[in-house]
Amino acid sequence: MLTAYDYHTAQVIDHAGIDSILVGDSLGMVMLGFETTLPVTMDMMLHHCKAVARGAQFALLIGDMPFMSYQVSAEEALHNAGQFLQHAGMDAVKLEGGRERARTIRALVAAGIPVMGHLGLTPQSVHQLGGFRTQGRSAQAAERLVEDALLLQDSGCFSVVLESVPHRLANLISEQLEIPTIGIGAGVGCDGQVLVTHDLLGLFDQFKPSFVKAYANLHQDMLSAFQNYQREVDLRQFPDEEHSFSMSDQAWDALQERLAK
Ligand code: KIV
């Protein structure tokens with residue numbers, strides 16, 4: 001799984017044969033410049049989900065429910081989750097949290113909405129967690145995560161994201177669950193993996209979690225391209241003949257005659 005927030009990226013991910021695209025609320029940080037995912041709204045999510053849905057043909061599309069779109073009540077969650085499927089072309093939704101979400105997840109699943117869970121480092125709770133930190137490092141915290149994962153499965157989740165947890169723990173949870181786990185900073189024992197596409201492409205240079213592997217350095221490529229463009233424009237090397245339109249001598253001479261009158 002990879003994240004996408006726009007038509008073109010979704011198209012390329014789809015062509016690459018990636019199974020699933022997450023329109024993550026990471027959108028707030030990598031696309032919109034917020035410091036956390038908390039300011040992301042339903043309107044922002046739906047706008048970007050629609051663009052992704054237009055670009056992807058084959059991948060399973062998952063819309064991330066933003067902060068406060070599912071925490072207030074199961075009824076509000078149902079209404080908001082429904083919009084991802086009904087108006088934004090998504091196949092499923094993802095929401096963060098463990099046992100405290102069980103009732104809401106049951107309500108969504110009962111309404112026919114596939115739900116992906118998200119445990120471990122849940123960025124919407126960044127202030128409660130005291131920062132973007134690895135979760136489940138103590139025996140007690142790890143046990144709670146195992147219980148939560150089983151509860152999410154019992155509540156009807158079709159899959160669970162495990163973010164920033166020790167690889168041994170993610171392995172254990174993956175073995176205990178029948179539904180697939182999708183890891184991010186959770187080691188190789190998960191059933192699948194997800195990365196934020198901007199991190200994978202080396203596009204987002206402000207903050208790089210240690211678990212991220214950049215498969216390209218597009219930030220540097222973009223910087224070089226913009227600088228080369230500026231230099232060529234300043235030197236009048238661009239646009240050259242190849243990138244300009246021509247006019248016949250006959251038409252040019254006729255123009256001169258008209259202007260001379
Ligand atoms: O918002 C997001 O991109 C996510 C992934 C990091 C799993 O939740």
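Just so you know, ligand 1 is whichever comes first in the structure, and atom 1 is the first atom listed for that ligand. Both backbone and side-chain heavy atoms feed into the values below; hydrogens, waters and symmetry mates do not.
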Legend entry - Minimum side-chain heavy-atom gap Leu95-Leu108 below 4.5 Å: yes
Inset, instruction - Give a yes/no verdict on whether any heavy atom in Lys94 is under 4.0 Å from an atom of ligand 1. - result: yes
Inset, instruction - May I ask you to identify the nearest protein heavy atom to atom 3 (O) of ligand 1, giving residue, atom name and distance to one decimal place in Å? - result: Ser26 OG, 2.5 Å
Legend entry - Donor-acceptor side-chain pairing of Asp191 and Ser174 below 3.5 angstrom: no
Legend entry - Polar proximity ligand 1 side, Glu163 side, N/O cut 3.5 Å exclusive: no
Legend entry - Under the side-chain hydrogen bond (donor to acceptor under 3.5 Å, both in side chains) test, residues paired with Asp64 that sit two or more places apart: Lys94
Can you give each donor-acceptor pair under 3.5 Å made by side-chain atoms of residues 164-172, sequence neighbours left out, with the distance rounded to 0.1 Å?
unit_1 : atom_1 : unit_2 : atom_2 : d
Ser164 : OG     : Thr134 : OG1    : 3.4

Legend entry - N/O separation below 3.5 Å, Asp64 to ligand 1: yes
Legend entry - Check: Phe58 ring centre within less than 6.0 Å of His15 ring centre: no
Inset, instruction - With heavy atoms of Gly24 as the reference, note each atom of ligand 1 found under 4.0 Å away. - result: 1 (O), 2 (C), 3 (O)
Legend entry - ligand 1 contact on Ile184 by region, counting heavy-atom pairs under 4.0 Å: side chain
Legend entry - Subset of ligand 1 atoms that lie under 4.0 Å from at least one heavy atom of Thr3: 3 (O)
Inset, instruction - Report, as yes or no, whether the 6.0 Å neighbourhood of atom CD on Glu100 holds more than 12 heavy atoms from other residues, nucleotides or ligands. - result: yes
Inset, instruction - Could you check atom 5 (C) of ligand 1 against the protein and tell me its nearest heavy-atom contact, residue, atom and distance included? - result: Leu22 CD2, 3.7 Å
